[in-house]
Undergrad: 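Please read through the structure below; I'll follow up with questions.
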Amino acid sequence: MSKFKKKNKVTENIPTSALPDIIFMLLFFFMTTTVLRENEMLVEQKIPEATQLQKLEKKTLISYLYVGKPKNTALYGTEPRIQANDVLINTSDIALWVNQEKDKRSETEREMLTISLKADREVKMGPISDIQFELREVDARRVLYASVGRVQN
């Protein structure tokens, strides 16, 4: 009687040499197709034109206030509203918002915080003056009035 041994061990090697290439392709795909989330605009924005513009160097020190007529007029009415980040706030909430924005920065950057006021061109000066007053009250004196460049012919 001959002894035949049955081989129970089956070895199948899965090639893993292409795995890093596949991972980097997926990573690159998601990096190019993903859009970083910006603020969802709750107010209308038609920014006024300007003839002389100055570009800021450090955009991380800018916090944005948007002023305009609400897009959802059924819920918020037609009077101009203030949007800070993704929320509509009242003029009385500006001090709290500025302090929260300062708390997000490092100790050295807090005094360099610039408030960018992006107001719709249809907004009257009354709400803008109220915002300016509230900003002065919390010592946020670096205010930037955003505008778009005028096309020169």
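Predicted model only: the values in this text are computed from it and were never measured.
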Undergrad: Applying the side chain to side chain contact (heavy atoms under 4.5 Å, CB included) test to Trp97, which of Ile115, Val138, Val87 qualifies?
TA: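 Of the listed options, the one satisfying the test is Ile115.
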Undergrad: About how many Å separate OG1 of Thr32 and CG of Leu27, when rounded to the nearest 0.5 Å?
TA: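 If we round to the nearest 0.5 Å, Leu27:CG and Thr32:OG1 are 9.5 Å apart.
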Undergrad: Measure the CD1-CD1 distance between Ile131 and Ile128 for me, rounded to the nearest 0.5 Å.
TA: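 Ile131 CD1 to Ile128 CD1: 5.0 Å, rounded to 0.5 Å.
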Undergrad: Any idea which heavy atoms bring Ile62 and Ser116 closest together, and the distance?
TA: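 Ile62 and Ser116 have their closest heavy atoms at CG2-CB, 3.6 Å.
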Undergrad: Considering all heavy atoms of both residues, which atom of Ile82 and which atom of Val67 are nearest to each other, and what is their separation?
TA: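 Taking Ile82 first and Val67 second, the nearest heavy atoms are CG1-CG2, 4.5 Å.
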Undergrad: I'd like to know whether Leu26 forms a side chain to side chain contact (heavy atoms under 4.5 Å, CB included) with Ile23, so could you lay out the CA-CA distance, the side-chain angles of the two residues, the decisive distance to 0.1 Å, and finally the verdict.
TA: CA-CA 5 Å; Leu26 284 172; Ile23 290 172; 5.8 Å; no
Undergrad: Let me see the working for Glu134 and Asp130 under side chain to side chain contact (heavy atoms under 4.5 Å, CB included), right down to the final yes or no.
TA: CA-CA 6 Å; Glu134 289 295 324; Asp130 295 342; 5.8 Å; no
Undergrad: Checking Glu101 against Asn85 for the side chain to side chain contact (heavy atoms under 4.5 Å, CB included) test, could you report, in this order, the C-alpha distance in whole Å, the side-chain angles of both residues, the deciding distance, and whether it holds?
TA: CA-CA 10 Å; Glu101 291 296 308; Asn85 301 331; 3.3 Å; yes
Undergrad: Same cluster for Leu135 and Met125 if Ile/Leu/Val/Met/Phe/Trp/Tyr side chains link at under 4.5 Å?
TA: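 Same cluster: Leu135 reaches Met125 through Ile, Leu, Val, Met, Phe, Trp or Tyr contacts under 4.5 Å.
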Undergrad: About how many Å separate CD1 of Ile89 and OH of Tyr66, when rounded to the nearest 0.5 Å?
TA: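 Output value for this atom pair is 12.5 Å.
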Undergrad: What are the two closest non-hydrogen atoms of Gly68 and Asp120, and how far apart are they?
TA: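 That closest heavy-atom pairing would be CA-CB, 4.0 Å.
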Undergrad: What do you reckon, is NZ of Lys69 surrounded by more than 12 foreign heavy atoms closer than 6.0 Å?
TA: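 No.
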Undergrad: Is there a path of hydrophobic side-chain contacts, each under 4.5 Å between heavy atoms of I/L/V/M/F/W/Y residues, joining Tyr64 to Leu61?
TA: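 Different hydrophobic clusters.
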Undergrad: Kindly work out whether a path of hydrophobic side-chain contacts (I/L/V/M/F/W/Y, heavy atoms less than 4.5 Å apart) joins Phe30 to Phe24.
TA: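 The answer is no; the residues belong to distinct hydrophobic clusters.
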Undergrad: Looking only at heavy atoms, which two atoms of Arg142 and Met112 are closest? And how far apart?
TA: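 Smallest heavy-atom distance, with atoms named: NE-O, 3.8 Å.
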Undergrad: Short question: side chain of Asp93, backbone of Asn90 - any donor-acceptor pair under 3.5 Å?
TA: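 Present.
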Undergrad: For a quick test of reading the model, state the closest non-hydrogen atom pair linking Arg81 to Leu88 and the distance between them.
TA: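 In terms of heavy atoms, the two residues are closest at NH2-CB, 3.9 Å.
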Undergrad: Taking all heavy atoms of Arg110 and all of Arg105, pick out the closest pair and write down the distance.
TA: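 Smallest interatomic distance, heavy atoms only, reads NE-O, 3.4 Å.
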Undergrad: Nearest 0.5 Å, please: how far is CG in Leu65 from CG in Leu144?
TA: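 Reported value, rounded in 0.5 Å steps: 11.0 Å.
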Undergrad: Could you tell me if the side chain of Ile94 sits less than 4.5 Å from the side chain of Thr91, heavy atoms only?
TA: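 A side-chain contact exists here, since the closest heavy-atom pair is under 4.5 Å.
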